[in-house]
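Working notes for the structure below.
Read the numbers this way: they start at 1 and go in the same order the structure lists the ligands and their atoms.
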Amino acid sequence: MSTPALHPRAEAHGKVILLGEHAVVYGRPALAAGLPQGIVLTAHPLPNPASLNHLSIPAWQLDLPLRPGDDHPVARAAHAVLAHCHGPTHGWRIQGDSHLPARAGLGSSAALTVALARLVLGPHARLEAILEASMVGERIFHGAPSGLDSEIAARGGLLRYVRGAPPEPIPLAHPLSLIVIPSGIARSTATEVAKVRARHDRHPSVLGPTLDALAAAVDAGIQALQAADLPGFGELMDIAHELLSATGVSTPELDRLCALARAHGARGAKLTGAGGGGCLIALPPADPALLLQGLEAAGLEPLAITITAS
Ligand code: PMV
């Protein structure tokens, strides 16, 4: 039995939302960045070409045959992406390596679906084809995602994103260092989005301006970054965290972790993504050592990342 071949290796970016989460659901802009090496996939022919494809990502505790009707959303989504790209359904073991925590708002599912599409379509495939295939999987994971995660997973760099419009790559004069702090608290994007929606419906005249302020922080943040004004950008992160708190998606623990980061020298700190748990981001001072030590001493596992323009 002969099956189409996969390319030997593919990768995709993770993502972090710097500013504008939740507001982006209401048509306002968001600023998001790609995390290098969100995932690296390698493809290996199975000894028996008639065996179902198998996906193994030890960092995410995944080790699954890829069946279309499987209970596991990763198996269904991965199978759907490969099938959408007319890739093989049998005969391959796909091995994944990632430094990102899964299900923490760092774009792990979009990174996986983009890299799977690239395993079939190859490194020179059209971006639109990769995005379309990624969205087939993302809909299985998330219902009706905005598409931001797939765009970032495929492109990397720094993007200003408005739902339904082509993303705008933002040039950066200097790489931007950030610390990602996983809170270890599970959260559901759908629950947090629904929470904001309910508060917005109860108090539209208050939540509308709050979302406008979050959007204004996006454009002020872009200006600060382009002017290399890191204290200004850090302050905007702090403001955005307070505004997100007002929408109802922060928690006492996320507030405590932001305060902890600031107490150890962070120039700004905020929740990133849906909130309710998941991750925070902190803008480190010139020497991040004390901040990293302080976070580690509190039992956290901070991730130092560098964002460069695409
Ligand atoms: O799933 P997360 O944590 O990356 O959050 C998604 C960002 C939201 O703005 C809250 C929702 C959305 O669809 O953009």
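- Ligand 1 places these atoms under 4.0 Å from at least one heavy atom of Thr189: 1 (O), 2 (P), 3 (O), 5 (O), 6 (C).
- For ligand 1, the atoms closer than 4.0 angstrom to any heavy atom of Glu21 are 9 (O).
- Counting heavy atoms closer than 4.0 Å to ligand 1, residue Thr272 contributes nothing at all.
- Shown here is Arg262, whose CZ atom has more than 12 heavy atoms of other residues, nucleotides or ligands within 6.0 Å.
- Remark: among candidates Ala274, Gly276, Ala104, Cys279, the nearest residue to atom 5 (O) of ligand 1 is Ala274, based on non-hydrogen atoms.
- Within a 6.0 Å radius of CG in Asp201, other residues, nucleotides and ligands contribute more than 12 heavy atoms.
- For the ligand labelled ligand 1, residue Val25 lies inside the 4.0 Å heavy-atom shell.
- Within the 4.0 Å heavy-atom shell around ligand 1 one finds Lys15.
- Of the candidates His142, Glu192, His22, Arg103, His22 brings a heavy atom nearest to atom 8 (C) of ligand 1.
- Checked by atom type and distance alone, the side chain of Arg199 pairs as donor or acceptor with a backbone atom of Ala246 at under 3.5 Å.
- For atom 3 (O) of ligand 1, the nearest non-hydrogen atom of the protein is Arg187 NH2, 2.5 Å.
- Just one residue in the list Val74, Leu55, Thr89 forms a side-chain contact (heavy atoms from CB on, under 4.5 Å) with Leu66, and that residue is Leu55.
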